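Values in this document were obtained by computation on a predicted structure and should not be read as measured data.
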Amino acid sequence: MPVYCITGANRGLGLEFVRQLAANPQNTILATSRSASSSDINDLKAISSPNTHILQCDVSDVDSIKSFVDEAGKVLDGRKIDFLLNNAGVNYRSEQTSLHMDPEAVLQNVRINVIGPAKVVQFFHESGLLSEGVRILNMTSGLASMERSSAISPRKCAPYSISKAGLNMLAVHLSGDLKATLPGVVVIVMDPGWVKTRMGGEGAILEPKDSIGGMLKVLHGLKSEDNGKFFTHDGSEVPW
């Protein structure tokens, strides 16, 4: 059965990914939390299957990512990851516009939303832990679409949008760079929609189960020609 790795799995979208995947106890799941404290992983432990492994990973810290990958290798014991879901992310200082954003807001969003996923992929690849046909999903946002963002009013979430646009470009590069050693790889970015989570905030319209159910359907149906594409949770392709 397949091996899934999900970052930021202790709440929100990541938790729902684990909930749905753990319903099949044959799935092996590596689920990460930034903290290993009981209060942070209680919900995750409550829905885990016997083949769910909860590991610590702070994607804002390169050393933490490296330690996580090393630990994951021990857990897998020769098996490789079939589905890598870079879900962990932040929307730091969401109230800031392009005219008022401060450097730290941009740097914090980029550190977690771009550099974190880049290092997760890099370290797993260097460790030989990705399967030849691995599917890599980088969780993006509709706010990362240049076309869609140009029509948004009022303006919002500038630092976050900039970081997610960077994540999109990272995925485009990965989709080509990984082909040399993993010829069956498919790398995509996906917009989960406006989901009722803590990050989604007031006004969100999608239930987590519907967003995640749709994304898993897309993920499991990916073909080689989808490499480097931008989708939303219902399978529609999103304009860059």
Side-chain angles (χ1 to χ4, degrees), residues 1-33 43-55 57 59 72 76 79-89 113 117 120-121 124 129-142 144 164 167-168 171 174-175 182 184-200 204-238:
M1 295 298 287
V3 176
Y4 296 82
C5 178
I6 307 160
T7 64
N10 60 305
R11 63 180 178 85
L13 298 178
L15 187 67
E16 184 61 26
F17 268 124
V18 175
R19 189 191 315 278
Q20 294 193 25
L21 290 170
N24 182 346
Q26 298 302 310
N27 289 333
T28 296
I29 305 168
L30 306 180
T32 80
S33 172
D43 290 344
L44 186 52
K45 290 173 68 175
I47 64 169
S48 293
S49 68
N51 284 327
T52 301
H53 306 271
I54 301 172
L55 303 175
C57 180
V59 296
L76 291 174
R79 299 187 66 188
K80 297 192 177 186
I81 294 168
D82 301 295
F83 297 93
L84 174 57
L85 284 61
N86 282 311
N87 167 73
N113 297 342
V120 169
V121 174
F124 272 130
L129 294 174
L130 299 177
S131 71
E132 184 177 297
V134 65
R135 272 46 180 155
I136 300 175
L137 185 162
N138 288 343
M139 191 71 74
T140 188
S141 167
K164 289 298 187 179
L167 178 67
N168 286 7
L174 288 173
S175 70
L182 302 173
V185 68
V186 177
V187 183
I188 64 165
V189 286
M190 193 175 294
D191 170 19
W194 195 3
V195 189
K196 296 177 182 178
T197 63
R198 188 167 74 182
M199 183 181 289
I205 57 176
L206 267 177
E207 294 293 339
K209 65 181 180 64
D210 297 324
S211 171
I212 299 306
M215 286 194 283
L216 286 174
K217 184 177 180 180
V218 174
L219 189 66
H220 291 145
L222 289 174
K223 299 177 175 61
S224 58
E225 57 264 32
D226 296 321
N227 191 33
K229 290 186 176 181
F230 184 177
F231 294 101
T232 191
H233 68 283
D234 65 3
S236 303
E237 207 167 335
V238 182

Minimum-distance pair of heavy atoms, taken over all atoms of V186 and S224: CG2-CA, 4.0 Å

Sole residue of V3, V185, L182 in side-chain contact (heavy atoms from CB on, under 4.5 Å) with L130: L182

Heavy-atom pair of closest approach, residues A9 and L44: O-CD1, 3.5 Å

Close side-chain approach of V18 and Y4, heavy atoms under 4.5 Å: no

Separation of M190 CE from L13 CG (nearest 0.5 Å): 12.0 Å

Residue pairs fulfilling side-chain hydrogen bond (donor to acceptor under 3.5 Å, both in side chains) with at least one residue in residues 46-55, sequence neighbours excluded: S49-T52

Heavy-atom closest pair, residues A171 and V187: O-CG1, 3.8 Å

N138 CG to T7 OG1 distance, which is reported to the nearest 0.5 Å: 9.0 Å

For the student: nearest non-hydrogen atoms of T32 and C57, plus distance: CB-CB, 3.9 Å

Nearest-0.5 Å distance, CG of residue L219 to CD1 of residue I188: 6.0 Å

Residues T140, V238; criterion side-chain contact (heavy atoms from CB on, under 4.5 Å); working and verdict: CA-CA 11 Å; T140 188; V238 182; over 6 Å; no

Which atom of A144 lies closest to which atom of N168, heavy atoms considered: CB-ND2, 3.6 Å

Gap separating the CG atom of L174 from the CG atom of L84, nearest 0.5 angstrom: 10.0 Å

Steps toward side-chain contact (heavy atoms from CB on, under 4.5 Å) verdict (N113, K164): CA-CA 7 Å; N113 297 342; K164 289 298 187 179; 4.1 Å; yes

Atom pair CG (N86) and CZ (F124), whose distance is rounded to the nearest 0.5 Å: 9.0 Å

Straight-line distance of L216 CG to L85 CG, nearest 0.5 Å: 7.5 Å

T28 versus R79, closest heavy-atom pair with distance: OG1-NH1, 2.9 Å

4.5 Å side-chain heavy-atom contact, N10 and I54: no

Aromatic ring pairing F83/H220, orientation class (parallel under 30°, perpendicular over 60°, tilted between): perpendicular

Under 3.5 Å: donor-acceptor pair, side chain of D82, backbone of P2: no

Test item: S131 side-chain N/O and I81 main-chain N/O as donor-acceptor pair under 3.5 Å: yes

Stepwise side-chain contact (heavy atoms from CB on, under 4.5 Å) test for D43 and R11: CA-CA 8 Å; D43 290 344; R11 63 180 178 85; over 6 Å; no

